[in-house]
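Residue numbers start from 1 in every chain, and the chains themselves are labelled A, B, ... in the order their sequence lines are given, proteins ahead of strands. These values consider heavy atoms only, across backbone and side chains, with no hydrogens, waters or symmetry-generated copies. The structure presented is a predicted model; accordingly, all values stated were derived computationally and were not measured.
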Amino acid sequence: MNPTVRVRFAPSPTGGLHLGGMRTVLYNYLFARQQGGHFILRIEDTDQSRYVTGAEEYIFECLKWCGLEPDESALHGGNYGPYRQSERKEQYRQYAEKLVEQGFAYYAFDTPEELDQMRERLKTESNHAPQYDHAARKQMRNSLTLPESEIKKLLNDGTPHVIRIRMPENETVKFMDMIRGEIQFETNVVDDKVLLKADGMPTYHLAVVVDDYLMKITHAFRGEEWLPSAPVHILLWKYLGWEESMPQWAHLPLIMGPNGKLSKRDGSKYGFPVFAMNWTDPRTNEFTEGFRERGFLPEAFVNMLAMLGWNDGTEQELFTIDELIQKFSIERIHKGGAKFDFEKAKWFNHEWIKKLDVAHLKSAVEKVYREQGLEVENDPRLDRIIELIKDRCTLLTDFWQQGSFFFYTPAEHDADAVKPKWNEAKKDFFISLSEELNATPDWQSAFIESAFKQMATSKNIKPGELQLPFRIMLVGGKFGPPVFDIAEVLGKAETLKRIKIALEVFG
RNA sequence: GCCGCGUUCGUCUAAGGGCUAGGACACCACCCUUUCACGGUGGUGAUACGGGUUCGAAUCCCGUACGCGGUACCA
């Protein structure tokens, strides 16, 4: 029997969604689609103190923008819900209690202060961070050290307590990671992790195991930062008697910033976006720019993200999402972390802008102009304009800088580019040219060009010396597509108007 | 400190015992272009270090160094 592949992405609504998280979703998604399986979105909202209102909806928006919508989630439905941990609260206690009964876990009544004292007391030169482990638990207040009667009393009195896993002594926990191969940990160096918190909420360790079992998850992809707690999860699968159903593990390498792991907190400090979309933390009002708003196409963002830790072994770098689904393979995911390079990210976007046709770019470009206060939706020239400038745009926002002169007569001219070589003869040329163009019914790029060159010849001036001034007149600066194409798109009246204005400026 | 995972040009990476270690980004030069780009050609630039195994090591093994992660009633 070949079980259906079921993968899940489980963000915590504690803030934005950064590159590492987005890549985890992507790989989950690619694998699920490739295998014809299910992609599930579960929300880890059991840390009440850090829950951010609106973050869950924001996560959905990000996935939607990238085209990575889940099959099952709190908002999409599915047969294994609920998909928010907070709504599954009751189930976790039941399993935690079962573990206690079987001796695989125990109640611990220690207060936060007592834990601090223990850590202080046990701290030595060779042990900077003492753990609540098989040795320490013997000195603490828990159901392993307290007499039966006292445990009963504490429980009956409703004394706050947690349930901790009882890590075995002198055992080796081994498991296979699809990316890294066999990995092993000594149980002696793993602490007795809290499974159920005093508020009745599960920790990630319990929740991830219970949910993955109940939701029939077959493959678990997560960041490398989870590797150290993997032995706890492996043991839990075993202790709960579900070893047969344990998913296959894949711990993804981390995505690094300029110094160390990319963090959500520093999202606004890198000088480049680390979130898929704009995010303002409602608690701090801290704003973090997103790739979307910075001018990235979702196609480029997804492509770039996929290549940050995976490649297909060929020299191909540009992939559509369908190609990624087809070619993705867990075996080819890298082991080492990758430092994020914004320059390369921009290159991907530039390639995608060049690659996509006008129809596909149009609505995004319209949006850029709209944000600048310019409505272009009904402008019949828009297609032509996009075609003319798209190769020069790295980010979608560049369409404004590269194309606004089509809509606005330049307010300023790059006089430095013209003035040094400006003279009466050139001025005379443009006056004559204006008259000539004004008299003609034709208005195609090729026609304007030949009229321009004939006029230059008859005035005995090299056409090349006149093209730059002409460009400055129409554009305002030294950039843009071929100048005669610009004149064509601008139309006769606007072109003549700009020549006239510029002649006054140049004197 | 302890535990774990890593380490090929500045960055992302290819090469799974066998040619001068290949490609991409960035950078530089030239060509194209009488603007800015696109495009084209070429260039600078890497197997962390030390031992093994082998006819032969970036590749396998051991050690060291360095980096990252974890070491919470956060995920």
Side-chain angles (χ1 to χ4, degrees), chain A residues 10-14 21 44-47 49-50 85 108 110-112 115 119 123-133 160-164 177 179-180 183-186 188-191 193-205 207-208 222-231 251 253-254 256 258-261 304 307-318 334-348 350-351 354 389-394 398 402 414 417 462-472 475 477-483 486:
Chain A
S12 62
T14 57
E44 293 177 350
D45 61 345
T46 49
D47 184 1
S49 65
R50 304 202 318 166
Q85 279 181 6
D110 317 279
T111 63
L115 289 174
R119 291 190 179 111
K123 199 166 169 180
T124 62
E125 256 322 273
S126 60
N127 187 3
H128 288 191
Q131 299 185 318
Y132 200 120
D133 59 13
H161 63 276
V162 301
I163 293 179
R164 288 180 180 271
D177 183 278
I179 297 170
R180 294 155 207 284
I183 293 176
Q184 47 176 291
F185 287 85
E186 297 304 322
N188 287 358
V189 298
V190 181
D191 61 339
K193 292 275 182 231
V194 169
L195 265 20
L196 200 71
K197 300 188 260 186
D199 62 3
M201 285 289 199
T203 58
Y204 171 85
H205 309 294
V208 77
R222 60 191 352 178
E224 192 183 351
E225 70 268 30
W226 288 110
L227 214 35
S229 44
H251 289 91
L254 267 13
M256 314 291 209
N259 351 275
K261 183 184 166 188
M304 173 275 288
M307 302 311 286
L308 218 48
W310 175 87
N311 71 80
D312 77 339
T314 70
E315 282 172 8
Q316 182 177 353
E317 292 193 271
L318 262 26
H334 309 146
K335 293 185 177 72
K339 192 178 286 185
F340 175 67
D341 180 8
F342 189 49
E343 292 305 317
K344 184 89 185 212
K346 285 195 291 192
W347 175 81
F348 274 106
H350 192 184
E351 291 301 311
K354 286 191 285 177
I389 63 176
K390 75 193 192 76
D391 286 4
R392 293 149 216 271
C393 297
T394 297
D398 293 340
Q402 287 290 332
D414 184 353
K462 286 181 192 159
E465 289 184 26
L466 296 159
Q467 279 202 30
L468 186 59
F470 192 33
R471 170 176 299 279
I472 303 295
V475 177
K478 288 200 311 187
F479 64 92
V483 69
I486 295 173

Let's see if you can work this out: which of [options] has an atom nearest to the side-chain heavy atoms of [X]?
X: A:P482; options: B:U35, B:C12, B:G69; result: B:U35
X: A:L227; options: B:C5, B:C25, B:C38; result: B:C5
X: A:H334; options: B:C74, B:A14, B:U11; result: B:A14
X: A:K478; options: B:U35, B:U34, B:A26; result: B:U35
X: A:A129; options: B:C73, B:G1, B:C5; result: B:G1
X: A:V189; options: B:C2, B:C5, B:A37; result: B:C2
X: A:Q131; options: B:U71, B:C73, B:A37; result: B:U71

Using the [atom1] atom as the reference point in each nucleotide, state the distance between [N] and [M] in Å, no decimals.
N: B:G63; M: B:A26; atom1: P; result: 41 Å
N: B:A15; M: B:G67; atom1: P; result: 28 Å
N: B:C5; M: B:C61; atom1: P; result: 13 Å
N: B:A48; M: B:U8; atom1: P; result: 6 Å
N: B:G40; M: B:U33; atom1: C1'; result: 12 Å
N: B:G22; M: B:U47; atom1: P; result: 13 Å
N: B:C3; M: B:C60; atom1: P; result: 24 Å
N: B:U7; M: B:G50; atom1: C1'; result: 16 Å

**Request:** Please work out which of the three classes, parallel, tilted or perpendicular, describes the rings of A:W226 and A:H205, given edges at 30° and 60°.
**Result:**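 Perpendicular, since the angle between the ring planes exceeds 60°.
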**Request:** Using whole Å, report how far CG of A:L466 lies from C1' of B:U35.
**Result:**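 It works out to 14 Å between those atoms.
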**Message:** Which is it for B:C9, anti or syn, if anything within 90° of zero counts as syn?
**Reply:**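 Anti, since the glycosidic angle lies more than 90° from 0.
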**Request:** Could you pick out which residue, A:S229 or A:Q467, lies toward the 5' side of RNA chain B when each is mapped onto its nearest nucleotide?
**Result:**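 Its nearest nucleotide lies further toward 5', so the answer is A:Q467.
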Just to be sure I understand the rule, does [X] reach a base, reach only the sugar-phosphate, or reach nothing, if contact means heavy atoms closer than 4.0 Å?
X: A:D47; answer: sugar-phosphate
X: A:V194; answer: sugar-phosphate
X: A:T46; answer: sugar-phosphate
X: A:G309; answer: sugar-phosphate
X: A:F185; answer: sugar-phosphate
X: A:M256; answer: sugar-phosphate
X: A:R119; answer: sugar-phosphate

**Prompt:** Are A:E351 and A:F348 side-chain neighbours, meaning at least one heavy-atom pair lies under 4.5 Å?
**Reply:**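 Sidechains of A:F348 and A:E351: no contact.
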**Request:** Could you check if a side-chain atom of A:N311 sits within less than 4.5 angstrom of a side-chain atom of A:H334, using non-hydrogen atoms only?
**Result:**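 Answer yes - side chains close enough.
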**Request:** Measure from NZ or CZ of A:R392 to the centre of the six-membered ring of A:F479 and say whether it is under 6.0 Å with the direction within 45° of the ring axis.
**Result:**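 No, cation not above the ring by the 6.0 Å, 45° rule.
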**Request:** Provide the Watson-Crick or G-U wobble partner of B:G69, both distances under 3.5 Å; none if there is no partner.
**Result:**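 Paired with B:G69, as far as the under-3.5 Å criterion goes, is B:C3.
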